[in-house]
Structures are given as structure tokens and as C-alpha cells.
Amino acid sequence: MSRKVSRREFLAFMGASGAALLMAACKPKPTPTPPPAKPTKAAETKPTATPQPAEKKPVNLIYYYGTRVVFKDLKLVNEEMNKIMKERINATIELRPIEWAAYTDKMNAKDAAGEKYDLCFTSSWANPYYIKVDNGVLADLTEALPKWAPKYYNGMNPAVWEGPKVKGKIYGAVNEQIFPTALGPIARKDLADKYNLDLSKVAKYEDMIPWFDAILEGEGGKVTPLECGAQLWWSAYWKLDGSLPYGLVRYDDKEIKVQHPWDTDWKTCMELSREWYKKGYFPKEQVPRGECDAAVKAKKYGCTFHRAKPGGTVERKKYTGLEWVSKIIESPTILITNQIISTMYGVNKKTSSLEACVRYLELVNTDKPFYNLLCKGIEGKHWVWVDKEKEVIGFPPGLDANNHPYNPNSDWEFGNQFNAYYVDPEQVGAWEETKKINDASVPSVLLGFAVDKEPIKNELAQITATTEEYKDMVYGLLDFEKI
């Protein structure tokens, strides 16, 4: 699809007149040949150069996305991006961030009103992808991505592109980050050292039990082994795909048999959770997220089970102030639809130019300086090199996370996270290691399968209500045999 800016072409025609020889009057002897006839005015005119096509006017793209806050220097960053975009893809962009709390509702309102824009953030959890596809909001990118963004499209594990497919078509451009759950223990380093936790010997949940017992005994009950919010029900750990709205499928079951949770390892997991609660490994009660974060920082817990990705302990240190160690025990790591579509770009079907949108996706996913301009801001003003060779950056003097005029801290939202500059020397190498995990992960048999929820929406509503009522089961708080 070409841009909707016409090229004008002009054809120049040059004519030349030939001169006719004049016949001499009849005389006894021939007369000398007369000189050529004087050229006409048209023939005297010098040929003009072929006019060049008029330069295309840059396409202006409007991009909506979620943010923690709208930063003061947003306009400065936007202007710098446009300088690059005009030169590289003859387009400009308007960054229009919306605070996360209102993002989905505002995007729904824009779509319902038929507002015209070009790009948006879409995912499984915000501005929901499948709803946008069902409502005909998003453009089909199946042919456009390999055509206008070949480096970006071909740079990922081919199985990844099965994730956003709906009836065989791609409507979302995936931002590469860690795709599998990569589940494992993330433990406080001080307690790991104190009570001799050897992660090289940990391959399953139960291998953590001796360390948990040592914490309970050694800390006199002042530290609970597992923090609030920690749970053992991670479907990928049990080799199950939990991306359906109800039911589970074993990741390698070619028959794709959907099973009731109680007929899978869900029951085993609930038994283990209840047993661990009775032993004191889980907190006696779950508390609100804010209180939980404060308790983690106050060293009231020892461990959690979560995504143990490369570099993850450094990220966790930044918001807890504590040192951590971790290990991935999910094996094999599995590619599941919900995780792949958790961060994507969508292109509005009403876009001014599908080509310009997709060329922007190529630029932001493959050009490191441009991507980091959007993610980190302007060099020298918003960040400085700490180690240029290793691509480690830091804040300029006088700036920190609290007073920074441009610090989105959401690289995962804007493109290929593996192109992001590191913000801590301890992170160096994490992107390469994570990329290896993505490329080695095994696709689930359900990858790319999207459920039509309309025929079962009433049943799903009942299941959701029941799940909410008994959600504390996963923390061992309820006696599941009785309920």
C-alpha cells in the first residue's frame, strides 16, 4: 500500500524543425545550393530539464500509549524523534501518552467514537488486543510487516508470530522482551548466604524446603520464607498452557485435549500450597500490594517464585534496596500466547498510512539510538554514558528517578527491549542471555489459538466470580478438600 501523497510526473517534449531546401528557378545552368532556411522560433528554444517530482509531504502519525506520568520534557524528545523520522522514513509522530489508570477506558471511548489515529499500545491486559480485533479497530499486518519491516519481522523466533494471529492474520506487532514465564525462586542474598542456599541443586519447588526450614528456625519466626503474593500455581511450571479463559492443555499434547483443572496438576499444586501454609512457609494472611512492598523492603520475607529472568535481580534491587539471587527452574521454557501478546503495537485501520506506521516499527525496533531516545530521552540532557563500550548509562548530575523530566522506565512498551541501554553495570549481558531463552523456548500447541468467548460468556462470568471467591486457595489459606 503506497502512501496517500501523490507523485506528479511531467513529460517534456522537444520538437525540432527540419529545414527544406529551396528549389532554384529553372535556368540554363544549375545555381548554387541556397543556405538552409532560418530556424523557427520553436527550434531556437533550448531544451528544458525534465521537472523533478514534488517532494512528498511527511506523513504525521498519532501514537497513543500508557504512562506512569506525562513528563515535562516529552515535547523535546518528540521533536528529536521527528528530526530522525523525517530523514529516515519521511514521517513525523505525535506522542500522546495516557496515564495507565485511564488508558483502556479512554482508548475504548476513542474507538467507539471512530477517532482517527495511527498507532497504539495493545496487549492481553491493557487496551485488550482481542477486543480490538473483534471490533475491527486494528489493521491487518500480515503482509505489511515482512514487506516494510523485514529486519524487525525476521529478527524473532518465527514461532513468536503465531502468538498474535487471529484466524491466521496478524493484527499486533510484538515487542520483544522475555516471552516465557522463566519461573524460578528469587531469594534474598543475605539469607541465601546465611543458610547455605545452593541454587545449583534446586530443580523443583520442594528443593527449597530445607532452606525454608532453616529460615524459620534461625530467624525465630521474624522472617516468613515466602512473601505475600507468592504462589506455586504457575501453569508453565506444571507444563500446562493456561492461556484459555477456562481449562488447561498440556503444552505438548498434539490432540489439544482441554482438561478441567482438577484433572491436572492443579490439585497437586493446591495440596502442596496447603501443606506449606500449615508449615508456616506462606504468610498467615495476604495483605494489600502496597503493604506487601513495604514488608519486603523491611526484610520480613525471604523469597518469592516469579519470573527469574537474566538481570531480574538487578531490577528487583532497585525498588527493594536488597540484593537477590535467582534461578530459572521452568523446564523447558514454553512460548504461550498470553505472554507473547502482553506488549504490542497496534495500527489503527483508519491510519493515514499503513506503510509509514510499519516503517516506524522497523525503525523503533532495529535502530538502537532512536529506540533509546524514546525510552531514555536525549543524551546529555536526560542520560549520560557510564560505560559507552558496554552501553551502560546513568542520570546526569542533579537528576534522579524522583525529579527526572523524562524517565518513562517502560522500555518493554516501545519496541525490542534487547536494544535498550543498560542502567546498571550488573545488567550487562542480560539481553543476550534473555534472547537465547526466547529463541530456545518451545511453542505450546495452543500458540496463536484465540477463543471466541461470545457463545460462553455467561459461563465464563460465573467461573470468574467463583474464582474470585476462592482465590485465596492458591496461598494455602483455604482447606480445598472441604470447599
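Between Lys350 and Glu115 there is no salt bridge, since no side-chain nitrogen of the basic residue lies less than 4.0 Å from a carboxylate oxygen of the acidic one. No salt bridge links Asp73 with Lys75; every basic N to acidic carboxylate O contact stays at or beyond 4.0 Å. Salt-bridge check for Glu291 with Lys297: failed, with every basic side-chain N at 4.0 Å or more from each acidic carboxylate O. We find that Lys376 and Asp411 are joined by a salt bridge, their nearest charged nitrogen and carboxylate oxygen being less than 4.0 Å apart. The residues Arg96 and Glu94 are annotated as salt-bridged, a charged nitrogen and a carboxylate oxygen being separated by less than 4.0 angstrom. Remark: Asp424 engages Lys318 in a salt bridge, criterion side-chain N to carboxylate O under 4.0 Å.
Residues in residues 78-107 take part in these ring pair (Phe, Tyr, Trp, His ring centres under 6.0 Å) pairs, two or more places apart or across chains: Trp100-Tyr103, Trp100-Phe121, Trp100-Trp125. Sorted by first then second residue, the side chain to side chain donor-acceptor pair (under 3.5 Å) pairs that include residues 152-163, not counting sequence neighbours, are Glu162-Lys165. The ring pair (Phe, Tyr, Trp, His ring centres under 6.0 Å) pairs that include a residue from residues 328-364 are Tyr63-Tyr345, Tyr345-Tyr360, where partners are two or more places apart or lie in different chains.
A heavy-atom distance below 4.5 Å is not found between the side chains of Leu141 and Tyr171.
When the options Lys110, Lys106, Met344, Lys132 are evaluated for a side-chain contact (heavy atoms from CB on, under 4.5 Å) with Asn127, the one that passes is Lys132.
Partners of Glu330 by salt bridge (Lys or Arg N to Asp or Glu O under 4.0 Å), not counting sequence neighbours: none found. A search for ring pair (Phe, Tyr, Trp, His ring centres under 6.0 Å) contacts involving Phe395 returns His404, not counting sequence neighbours. Residues meeting the ring pair (Phe, Tyr, Trp, His ring centres under 6.0 Å) test with Tyr251, sequence neighbours left out: none. Under the ring pair (Phe, Tyr, Trp, His ring centres under 6.0 Å) criterion, Tyr64 pairs with Tyr117, sequence neighbours left out. Judged as a salt bridge (Lys or Arg N to Asp or Glu O under 4.0 Å), and not counting sequence neighbours, Lys151 has no contacts. Taking Trp383 as the reference, Trp385, Tyr421 meet the ring pair (Phe, Tyr, Trp, His ring centres under 6.0 Å) condition, with sequence neighbours excluded. Applying the salt bridge (Lys or Arg N to Asp or Glu O under 4.0 Å) criterion to Arg88, with sequence neighbours excluded, gives Asp367. Every residue was checked against the disulfide (SG to SG under 2.5 Å) condition with Cys269, not counting sequence neighbours, and none meets it.
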Show me the donor-acceptor pairs, under 3.5 Å and distance only, between side chains in residues 449-456 and residues at least two apart or in other chains.
| from | atom 1 | to | atom 2 | distance (Å) |
| --- | --- | --- | --- | --- |
| Asp452 | OD1 | Glu454 | N | 3.2 |
| Glu454 | OE2 | Lys457 | NZ | 2.9 |

